[in-house]
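Heads up: the structure comes next, in structure tokens.
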Amino acid sequence: QVQVVESGGGLVQAGGSLRLRCVASGGTFSSKTMAWFRQAPGEEREFVGGVHRSGTSTDYPNSVKGRFAISRDDAENTVYLQMNNLKPEDTAVYYCAADYRPYATSQASDYDYWGQGTQVTVSS
């Protein structure tokens, strides 16, 4: 049984930074592809980035490119989302997802395991 737990969300002013943490326990972490998504009220879930089993990250969507970065620490069963220069439009619930595929994708339906989400609120 794979469990995914996010942490690190909170309230931050525009221009600030946050680092989200996601621990995926159960099974072999290094065999999992990991990704982050976000969902604002009334919006569809949006892919913000992923990291392949190899440790290489995916391309990022234009909305976060140059500001967000994903990394993984297989020894700690953890993936991080570093978010810099945050904007009010980054406000959303951020979800971590895991799957046993070799490569991360931007499709939420490709991921079997999800966390409960962590709220990020960016004030202007």
Side-chain angles (χ1 to χ4, degrees):
Q1 182 76 11
V2 176
Q3 288 189 316
V4 179
V5 180
E6 307 96 335
S7 61
L11 174 64
V12 63
Q13 287 189 328
S17 298
L18 281 175
R19 188 173 78 156
L20 304 185
R21 182 173 183 256
C22 169
V23 178
S25 58
T28 303
F29 183 81
S30 60
S31 296
K32 300 184 184 78
T33 282
M34 305 296 296
W36 287 94
F37 291 77
R38 67 185 182 185
Q39 190 166 20
E43 303 288 333
E44 293 188 355
R45 195 162 291 194
E46 177 190 16
F47 174 77
V48 296
V51 59
H52 308 308
R53 286 182 188 172
S54 64
T56 304
S57 61
T58 63
D59 287 337
Y60 298 89
N62 288 336
S63 56
V64 306
K65 189 174 293 184
R67 301 187 297 120
F68 288 16
I70 291 177
S71 61
R72 65 187 293 160
D73 183 342
D74 287 358
E76 297 294 328
N77 294 349
T78 299
V79 63
Y80 298 97
L81 179 65
Q82 178 66 44
M83 306 186 294
N84 298 325
N85 190 21
L86 283 160
K87 304 176 181 181
E89 52 264 43
D90 294 318
T91 295
V93 177
Y94 283 71
Y95 295 93
C96 181
D99 196 80
Y100 282 108
R101 59 184 53 248
Y103 298 106
T105 76
S106 62
Q107 301 302 310
S109 58
D110 286 342
Y111 295 85
D112 285 338
Y113 306 101
W114 290 84
Q116 293 299 306
T118 186
Q119 176 72 46
V120 171
T121 302
V122 184
S123 63
S124 57

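What you see below is based on every heavy atom in this structure, not just the backbone, and it leaves out hydrogens, waters and symmetry mates.
Counting heavy-atom neighbours within 6.0 Å of Gln119 CD, excluding the residue itself, gives a total above 12. Counting heavy atoms of neighbouring residues, nucleotides and ligands inside a 6.0 Å radius, atom OH of Tyr100 exceeds 12 of them.
Inter-residue side-chain proximity for Val23 and Gln3 is flagged as unmet; no heavy-atom pair is nearer than 4.5 Å. Counting only heavy atoms from C-beta outward, the side chains of Met83 and Asp90 never approach each other to under 4.5 Å. A 4.5 Å side-chain heavy-atom check between Ile70 and Trp36 finds at least one atom pair inside the cut-off. The side-chain heavy atoms of Met34 and Phe29, taken from C-beta on, include a pair separated by under 4.5 Å. Between Cys96 and Val79, some side-chain heavy-atom pair lies under the 4.5 Å cut-off.
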Legend entry - salt bridge (charged side-chain N to carboxylate O under 4.0 Å, His left out) evaluation trace for Asp59 with Lys65: CA-CA 8 Å; Asp59 287 337; Lys65 189 174 293 184; 6.0 Å; no
Legend entry - Cys22 vs Val4, side chain to side chain contact (heavy atoms under 4.5 Å, CB included): CA-CA, chis, key distance, verdict: CA-CA 7 Å; Cys22 169; Val4 179; 3.4 Å; yes
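Counted by atom type alone, Thr78 and Asp73 present zero donor-acceptor pairs between their side chains at under 3.5 Å. No hydrogens or angles considered: nothing links the side chains of Asn77 and Ser25 as a donor-acceptor pair under 3.5 Å.
Checked against Val120 for a side chain to side chain contact (heavy atoms under 4.5 Å, CB included), the options Leu20, Thr91, Leu81 give a single hit: Leu20.
With hydrogens and angles disregarded, no donor-acceptor distance shorter than 3.5 Å links the side chain of Ser17 to the backbone of Asn84. The backbone N or O of Gly117 sits less than 3.5 Å from a side-chain atom of Glu6, completing a donor-acceptor pair. Without hydrogens or angle criteria, Arg21 side chain to Val5 main chain gives no donor-acceptor distance under 3.5 Å. In this structure, the side chain of Tyr111 engages the main chain of Thr105 through a donor-acceptor pair within 3.5 Å. Proximity of a side-chain donor or acceptor of Arg72 to a complementary backbone N or O of Thr33 within less than 3.5 Å is not detected. Proximity of a side-chain donor or acceptor of Asp112 to a complementary backbone N or O of Asp99 within less than 3.5 Å is not detected. Of the possible polar contacts, none joining the Arg19 side chain to the Gln82 backbone as a donor-acceptor pair under 3.5 Å is found. Looking only at distances, no side-chain donor or acceptor of Glu46 sits under 3.5 Å from a matching main-chain atom of Arg38.
For Arg45 and Phe37, the positive end is not near the middle of the six-membered ring at less than 6.0 Å and at most 45° from its axis.
When every heavy atom of Ser124 is checked against every heavy atom of Pro88, the shortest pair comes out as CB-CG, 3.8 Å. Heavy atoms only, all atoms of each residue included: Ala35 and Phe47 are closest at CB-CE1, 4.1 Å.
Val122 is connected to Val48 through a chain of hydrophobic side-chain contacts under 4.5 Å among Ile, Leu, Val, Met, Phe, Trp and Tyr, so both are in one cluster. In the hydrophobic cluster analysis, where Ile, Leu, Val, Met, Phe, Trp and Tyr join through side-chain heavy atoms closer than 4.5 angstrom, Leu86 is grouped apart from Tyr95.
Taking the six-membered ring where tryptophan is involved, the planes of Phe68 and Tyr94 are tilted, since the angle between them lies from 30° to 60°.
Here Asp110 pairs with Arg101 in a salt bridge; the nearest charged N to carboxylate O distance falls below 4.0 Å.
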